Amino acid sequence: MALDDKQQYQAREFKVVGTRVKRPDGIDKVTGKARFGADMSAPGMLVGRVLRSPHAHARIVSIDTSAAEALAGVHAVVTRADFDEITGDDATADILDNCMAGDKALYDGHAVAAVAASSAAIAKQALKLIKVDYEVLPHVTDVDAAMETDAPALHKGRANESVPAGMSANVLSRYEFGHGDIEAGLAKADRVLERTFRTEATHQGYIEPHACLASMGADGQADLWCCTQGHYMVRNVCAAIMGMEQGQLRVTASEIGGGFGGKTTVFLEPVALALSRKTSRPVKMVMSRSEVLRATGPTASSSVDVRIGMTKDGRITAGFAELRYQGGAYPGSPVEFGAMSAFAPYDLENVKTIGWDVVTNRPKQAAYRAPGAPMAAYAVESAVDELAKGFGLDPLAVRLKNAAREGTRASYGPTFPAIGLEATLRAAKDHPHWTAPLGKNQGRGVACGFWFNFGGDTCVSLNITPDGTVTVSEGNPDIGGSRASMSMMAAEELGIPYEQVRTIVADTGSLGQNEVTDGSRVTFAVGLATIEAARAAKREMCKRAAMTWGIDEDAVKWEDGAAHPAGENAGKHPPMTLKEIAAIASNTGGPIAGHHEANPEGAGVSFATHMVDTEVDPDTGAVKILRYTVFQDAGKAVHPDYVEGQFQGGAVQGIGWALNEEYIYGDDGVLQNAGFLDYRIPVASDLPMIDTVILEIPNPGHPYGVRGVGETSIVPPLAAVANSVSEAAGVRLTQLPMSPPRVLRALQAK
Amino acid sequence: MVKVRIWGSLAAMTDDQTEVEVEAATLRELLDGLAGNFPGLRPQLDRGVSVAIDGRIYNDSWFTPIRPDSEVVLLARLKGG
Amino acid sequence: MSKIHVTTSVNGDPTEFLCEADETLLDALRDRLGMTGAKEGCGTGDCGACSITVDGRLVCSCLMLGAEAEGHEIGTIEGMADGDQLHPLQRKFIEHAALQCGICTPGLLVAAKSLLERNPDPSEEEARYWLAGNLCRCTGYDKIIRAVMDAAQEMREAS
Amino acid sequence: MQYLAPTTVEEAVSALAGHSGDCRVLAGGTDLLVRMRSDMADPDAVIDLKRIDALCQITPEKGGWRIGAAVSGAEMGEHEALVADWPGVVEATNLIGSTQVQGRCTMAGNLCNASPAADSVPAMVAAGAVARIAGPNGSRDVPVEEIPTGPGKTSLKKGELIEAILLPERPERSADAYLRFIPRTEMDIAVVGCAVSLTLDAEGTCTAARVSLGAVAPTVLLVPEAANALIGTKIDDPALEALAAACSAAAKPIDDKRGTVDFRVHVAGVLARRAAVIARKRAGGAA
């Protein structure tokens, strides 16, 4: 159902929300007790391992598993033949094909078979005994090359109705957004800048590799333990692939060691279930880092043309961008979100974006924090910066002059309600960072970023124990401290101390459907459901107090953790605290609980502005990050520490994307840097402190004004760092990563 | 009648109109109306869309009320990370 | 294949285990001894999630064979707190919200403890370089470094 | 796989010489275990050197130092007298991997891994270090630059292992320095490495020098032209320019995932200049 009036934002004084309480999972995580995906075992457990294609593109002519099956200690081998084909659901069919290749291996690392054995050593030996006859096919890994009409085609007939005839078979979708008249707008500009920007694929880079433990019995019932951003999604997808009823598969989410979007789908889980089905034994599967990099994630790589017109006083007269994203071997690169978000920070009369979804011989891309937006923002924010600086204008002033605000028709269509972009820009302009002096070979860059939020199916059950503590069950894996924030919102609503509430992540047998932990939705949507569940429990507790006092339940109100007579006419009764009401629950009708199940839609959007200083070594092209400040609207920061943590983490992932992270493919289409040695995520010594400024422009669609904060923070840094490096280097850089060889080449070409 | 803005690449399915009118008082009626009036939109509607109603984004909620003067914009189905 | 018998001490407890010759100490700790506090993030010494100490020296347990532990004293995250008394670093990590997902946390704590044993008053730069082998993807390291510096100060004041 | 842990060099050599299969020496293990993990090595046996006491020692020898093959980078960094004599060799060894890797990795292992990008090797080559090899036919001393013969390949014969690295005695006013270029600040393999070892006279004129480059050829290069650019000068700007030019000219790198030919050629010169300035200062010359 849609939001009702009670769910609208109402200003209030907070007691718990906004404080910096200690997280409930803290002690387990600092003592090594917390159990992550690979930390679970089961009696009689087998070890599962996957055989992966060494080729970027190959027809699988045959697979001979007989020698592996004959090896002592091997209990089962599965290939695609062990799965029923899925018809009528392309998305699920693609997921299955990605988990276990069908007639073709579509990328280096594509799973082609799997074994279950009594030990890891035997499983490893068994993989070597599986004989796969490959017919190697021509491959393509670059997005622009894949769009050439004579490029090797991965699929036939997958393009949808939006793609004009005559294009490469690898082009699967076309999107166009915008309004106004681009050419007329450009004609009014004093300068029109046209540039092409490129970004490489990056991986979400969570430190915990994918892991699961599956156990299926002869009766068809199954249990699955796994690290995921959404165990309800895992249940539904696996049930569809395995031909099971959803209710027969119970999935428990382990602690999750990072996801950032990369754990919003399945890779190992159906394979582990298939091996368990075949052996009637529990099967544990854990990926190596190399498997994670070769066969999960990453994000799309991009090639983006922009044309932006600006008057010499800094007014943007028109903005155009054409975005080409390759999303790996299956449809679904996030190009539409790039096209929708590219110009979202601007109030433009004339704006148009075109997006192309392209497939290549790379792993199927998975969502990565604000999927599709960072690359688009990189292109647009770089071009706006170059235009502003070209006219000698202050880049923050130019952004303020063109900033989207309440009432602006967004580049992707709707009219913005109250938004926080201007507030972030003004905060940036007023911050001492903006006016701090810079030295030689140093530069300062700013950029803005935008991301959506959304709601989705959500269930929360809140139970009052006999001694008056409160347990909250939610169905979304806690990826950044959400158990703390749910406990805080429950405590706030009930008027009790935070310490009196404990939140757990419940398995799929305990609650109804829950959308994945994604789209920055948890604090918004699960928070909203938690508040509603607490309100339901309060109503019940008021009723119990009314019964006890012998008055009408309308004559009882809830305040400061206790039921009170609502007014003089209700009689003089001392307040009954939550604990007192809980203690007599059995006498007043039984256990007390509140629950809320909804699809709370109507989430607000979020904006950020980032500012970064860099220094470029003119002799080597090395870039050092000197100072970094994030300005972002959080609506209401429920737990400011974890809001800051999201800002900082997103910024640093963006810094990695900007400077050193990239997928490097050889001419053979094989990934060359499938490890943390050469896939270079930022280390502690690469970075300064990441300063944060939290702005709170309440989201009108949430009772506490909460907006999701998890994703927006990765949108501006690519451009902010590029603008800073371009200023420090004295030359515009148009390709990521800005690795030292690339920066040095630009410096030498100046 | 509700005015619905659709994105540019869908206009090929609506006689090049980027704004179409549908008789609808709820999201469900809106989606049904679009599919009925413009069968060419059906593949995209089947793949999924989000709908911004007065600036707020809805994915699924059929009975979200829509007023005749509501601003209604069709969006690509949102996903997150 | 005959297994190797290893006699060692883990967090002060006399410990014996059998392992394969090519089995890493990380696998032996996790799979033979049930000590899953040390994590495998890469298996190649690039992420530090498996950090432990051997005779007080910080190492990656994924880069050691179980057999190499013979006769040595192993220290893991499970031995860092003294009963219910958290080590100051553990307390400061919680207070400063220096963890989000928590997968890198055991390794970072073991590494940071090793730093403060050798250098009770590290500069921020020294702390950042010492911990450069411990990857964290969630936090951007800011709150981790603050927690380490704060714990160092508290430990100096207490000593 | 067999795990062997001899307690004397003789036992180790006899096990190594007598084994019929793929038998590897395990010093720190920080390369070998990575290779095993990545399926690049699948040995039938490993011989752990760390239970041989003599190989775990840093010992004065002939005015210089003998560093046992099982001595870790961290132990070298904690040895003040060694650091005072050979700061460049120690800083190069201390750049291998993380703090954790420093707890295990060894110079001898870094040499025998035979990567052209090994950090300690250019520093050892510039230092004129010698590898003491134990084998079935006894012991022999060989300049370290003769050990690696190409990526992953060494000149060691069947049954031979390196028991120690010998660093020579230092004349007065001598010092060395090592710099490498990596994309991040830590945890990467050198894209280019350069070591400079030199001796100054009382007036600050360079009387002896050795310059070496890593990651610009299949093996670490000793560059006599670069040394000649320094010898007889006060290591002033023209000398540094000549040094840089000689290093860039000597570099014969490849394009790979870590860097390009152009980048490596250019940065070889940049690092040489910077390393020479550090070594000059350490030797008591102009800062």
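For clarity, every value in this text was computed on a predicted model and none was experimentally measured. So you know, we letter chains A, B, ... as the sequences are listed, proteins then strands, and number each from 1. All values below come from the heavy atoms of this structure, side chains included, with hydrogens, waters and symmetry mates left out.
Arg30(C) has no carboxylate O lying under 4.0 Å from a charged side-chain N of Glu40(C), or vice versa, which leaves the two without a salt bridge. Checked for salt-bridge contact, Glu95(C) and Lys92(C) meet the test: a charged N lies under 4.0 Å from a carboxylate O. The residues Arg264(D) and Asp256(D) are annotated as salt-bridged, a charged nitrogen and a carboxylate oxygen being separated by less than 4.0 angstrom.
For a residue to count as touching a neighbouring chain, one of its non-hydrogen atoms must lie under 4.5 Å from one of that chain's; by this rule Leu26(D) touches chain C with the side chain only. Interface residue Arg118(C): only side-chain heavy atoms are found under 4.5 Å from chain D. For Arg51(D), the part sitting under 4.5 Å from any heavy atom of chain C is the side chain, from C-beta outward, and nothing else. With a 4.5 angstrom heavy-atom cutoff, Gln102(D) does not touch chain C via any of its atoms.
When each of Cys42(C), Ser51(C), Ala67(C), Ala132(C) is checked for heavy-atom pairs under 4.5 Å with chain D, Ala67(C) comes out on top. The residue among Cys50(C), Ala111(C), Gly43(C), Gly107(C) with the most heavy atom pairs within less than 4.5 Å of chain D is Gly43(C). Comparing Leu131(C), Thr44(C), Val59(C), Leu115(C) by how many heavy-atom pairs each has under 4.5 Å with chain D, the most go to Val59(C). Most heavy-atom pairs under 4.5 Å with chain C: of the set Arg35(D), Arg184(D), Glu78(D), this distinction falls to Glu78(D). When each of Lys50(D), Arg37(D), Glu186(D) is checked for heavy-atom pairs under 4.5 Å with chain C, Arg37(D) comes out on top.
Two residues are said to be in side-chain contact when any heavy atoms from C-beta on lie closer than 4.5 Å; Cys112(D) and Val25(D) fail this criterion. A 4.5 Å side-chain heavy-atom check between Ser120(D) and Ile96(D) finds at least one atom pair inside the cut-off.
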